[in-house]
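Let me begin by presenting the structure, written as structure tokens, before commenting on it.
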2 protein chains.
Amino acid sequence: MPYASFASMPCALGRPAALLGERWTLLLLRQIFLGTRRFEDFQATMEISRSVLTDRLNVLLQEGVLKRVPYQEDGRTRHEYRLTEKGRDLYPVLMALRTWGEKWMAPEEEESFHLHHRDCGGGVRARVECTDCGAELTARDVQVTARQ
Amino acid sequence: MPYASFASMPCALGRPAALLGERWTLLLLRQIFLGTRRFEDFQATMEISRSVLTDRLNVLLQEGVLKRVPYQEDGRTRHEYRLTEKGRDLYPVLMALRTWGEKWMAPEEEESFHLHHRDCGGGVRARVECTDCGAELTARDVQVTARQ
DNA sequence: CTCCTTGCGTTCGTTTTTCGAACTCAGCTA
DNA sequence: TAGCTGAGTTCGAAAAACGAACGCAAGGAG
């Protein structure tokens with residue numbers, strides 16, 4: 001059981017990496033953070049096949065990243081996919097990807113969207129910091145202590 | 001061309017998400033940040049098939065995330081895979097995943113490794129902040145402005 | 001020189017995923 | 001009654017991943 005076995009590895013980095021490293025999952029989360037909530041809209045905007053979309057949504061539901069929420073439309077009850085608190089907590093992951101993308105993968109200046117702090121209008125970035133002294137950290141500043 | 005077309009989408013989040021969202025790529029980067037550098041070691045520790053490993057390494061080389069660096073062993077010249085500056089800059093992405101994993105996916109207290117700030121011994125975490133006022137931001141604090 | 005070992009891939013036939021078009025189904029609407 | 005719509009499910013074809021075997025270059029041993 002090659003890839004799937006990472007889902008049970010005792011590693012706080014490996015497990016999320018395996019979950020979000022499945023094809024389409026990160027792009028699906030991006031779309032969700034951009035406001036998409038309905039099956040048809042995911043399917044239309046991402047051009048993902050319906051069967052895979054079903055599968056990925058179910059995995060994220062099962063993991064507690066998404067929840068199905070009923071809503072009314074044309075007098076009918078339907079369901080939409082929304083982030084749970086656990087799902088919303090993935091925001092730093094997406095922002096770290098975007099911060100990296102802006103620095104290293106910006107195609108031109110053509111971005112599909114902009115982000116601003118509502119209160120002050122400033123930009124948004126992800127950073128790694130020390131929980132004690134608050135210093136910004138790079139990989140070189142961090143000591144890795146293996147457990148085996 | 002469904003998934004692959006995201007590689008050229010004009011979005012600083014979508015492009016990295018498509019690149020790192022390919023199966024094995026995040027787990028490969030995890031292994032690299034943990035210090036693995038050689039083909040055989042990736043293959044042994046991750047149980048990835050050799051052909052897919054070759055492909056993923058080549059994609060990361062092509063994207064400039066990794067570079068092949070010659071080194072000596074037993075008097076022979078060999079090559080190892082190392083992070084470029086672009087690659088090292090992915091650190092916040094991995095740390096954001098780990099911060100999330102610690103909060104939401106910790107299996108037990110059994111972690112495979114620990115991280116500490118070399119200077120003060122503190123813990124490590126990723127956070128999102130405003131580039132102007134420095135406030136920590138959640139998804140709710142950020143205004144998304146679409147471009148089309 | 002010839003054989004053996006090692007690290008690093010490549011090849012290739014089989015199994016898994018993904019694709020995409022068609023189908024299903026429930027709940028309105030005309 | 002028939003039609004429409006959102007949300008999936010099904011299924012045959014195509015693509016990707018798997019894994020065991022093969023290739024190959026550079027040393028070392030005999």
Side-chain angles (χ1 to χ4, degrees), chain A residues 1-7 9 14 17-29 31-32 35-62 66-82, chain B residues 1-7 9 14 17-32 35-63 66-82:
Chain A
M1 205 202 278
Y3 189 86
S5 64
F6 283 88
M9 78 194 299
L19 172 64
L20 303 189
E22 204 73 72
R23 218 187 200 197
W24 289 112
T25 303
L26 279 176
L27 287 171
L28 184 52
L29 286 170
Q31 206 60 49
I32 291 168
T36 304
R37 285 170 189 164
R38 286 146 66 161
F39 191 93
E40 294 297 314
D41 294 335
F42 292 124
Q43 217 271 312
T45 57
M46 296 171 44
E47 294 183 84
I48 184 179
S49 77
R50 303 175 78 83
S51 47
V52 174
L53 175 56
T54 299
D55 178 77
R56 295 303 182 271
L57 288 170
N58 284 335
V59 169
L60 293 177
L61 285 174
Q62 229 172 291
L66 299 181
K67 59 187 171 189
R68 295 184 82 226
V69 179
Y71 71 99
Q72 297 295 317
E73 189 189 62
D74 307 333
R76 300 171 57 182
T77 298
R78 297 204 171 287
H79 293 269
E80 59 185 13
Y81 296 90
R82 307 200 58 154
Chain B
M1 202 200 280
Y3 190 87
S5 64
F6 284 87
M9 79 193 299
L19 172 64
L20 303 189
E22 204 72 71
R23 216 187 203 198
W24 288 113
T25 303
L26 279 176
L27 287 170
L28 184 52
L29 286 170
R30 164 183 178 273
Q31 207 60 48
I32 290 168
T36 304
R37 285 170 188 164
R38 285 145 69 160
F39 191 93
E40 293 297 316
D41 294 335
F42 291 124
Q43 218 272 310
T45 57
M46 295 173 45
E47 295 182 86
I48 183 178
S49 77
R50 302 174 81 81
S51 48
V52 173
L53 176 56
T54 300
D55 178 75
R56 295 300 183 271
L57 288 170
N58 284 336
V59 168
L60 293 176
L61 285 174
Q62 228 172 290
E63 289 290 335
L66 299 180
K67 58 187 171 191
R68 295 184 81 226
V69 179
Y71 72 98
Q72 298 293 315
E73 189 187 64
D74 308 332
R76 301 170 58 182
T77 299
R78 296 203 171 288
H79 294 269
E80 59 185 14
Y81 295 90
R82 308 201 57 154

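Note on naming: letters A, B, ... go to the chains in the order of the sequence lines (proteins, then strands), and numbering restarts at 1 for each one. Since the model is a prediction, treat every value here as computed from it, not as a measurement.
- Atom CG in A:Asp55 sits roughly 16 Å away from atom C1' in D:dA7 (whole-Å rounding).
- Around the CD atom of A:Gln62, the shell of radius 6.0 Å holds no more than 12 heavy atoms that belong to other residues, nucleotides or ligands.
- Here the options are A:Arg38, A:Lys67, A:Arg68, the test is side chain to side chain contact (heavy atoms under 4.5 Å, CB included), and the partner is A:His79; only A:Arg68 passes.
- Between B:Leu57 atom CG and D:dA17 atom P there is a gap of 13 Å when expressed in whole angstrom units.
- One atom, CZ of A:Phe39, and another, P of D:dG6, lie 12 Å apart when rounded to the nearest Å.
- Distance B:Arg78 CZ to C:dT5 C1': 10 Å, rounded to the nearest Å.
- One distance of note links CD1 of A:Ile32 with CG of A:Leu66; it measures 4.5 Å at 0.5 Å rounding.
- In this structure, A:Trp24 reaches the C:dC19 phosphate: one of its side-chain N or O atoms is under 4.0 Å from OP1 or OP2.
- Contact check, B:Tyr81 against C:dG9: a side-chain N or O comes under 4.0 Å of OP1 or OP2.
- A heavy atom lying under 4.0 Å from DNA chain D marks the following residues of residues 42-50 of chain A, by number: A:Arg50.
- Taking B:Glu63 as the reference, nothing meets the side-chain hydrogen bond (donor to acceptor under 3.5 Å, both in side chains) condition, with sequence neighbours excluded.
- Judged by distance alone, with hydrogens and angles left aside, the side-chain atoms of B:Tyr3 form a donor-acceptor pair with the main-chain N or O of B:Ala18 at under 3.5 Å.
- The interatomic distance linking A:Tyr3 (OH) with C:dT18 (C1') rounds to 15 Å, in whole Å.
- We find that CG of A:Leu53 is positioned 14 Å from C1' of C:dG20, with the value rounded to whole Å.
- Side-chain contact of B:Tyr71 with B:Arg82: a donor-acceptor pair under 3.5 Å is absent, judged by distance alone.
- Picking from D:dG8, D:dA17, C:dT6 the nucleotide with the shortest atom distance to the side chain of B:Val52 gives D:dA17.
- Remark: the backbone N or O of B:Ile48 is paired with a side-chain donor or acceptor of B:Gln43 at under 3.5 angstrom.
- Along DNA chain D, the nucleotide closest to A:Ser51 and the one closest to A:Glu80 are compared, and the more 5′ of them pairs with A:Glu80.
- Separating the CD atom of B:Gln72 from the P atom of C:dG7 is a distance of 15 Å, rounded to the nearest angstrom.
- Rounded to an integer number of Å, the gap from CG of A:Asp41 to C1' of D:dG8 is 15 Å.
- Distances shorter than 4.0 Å separate some side-chain N or O of A:Tyr71 from OP1 or OP2 on D:dA7.
- OP1 or OP2 of C:dG7 has not a single side-chain nitrogen or oxygen of B:Arg68 nearer than 4.0 Å.
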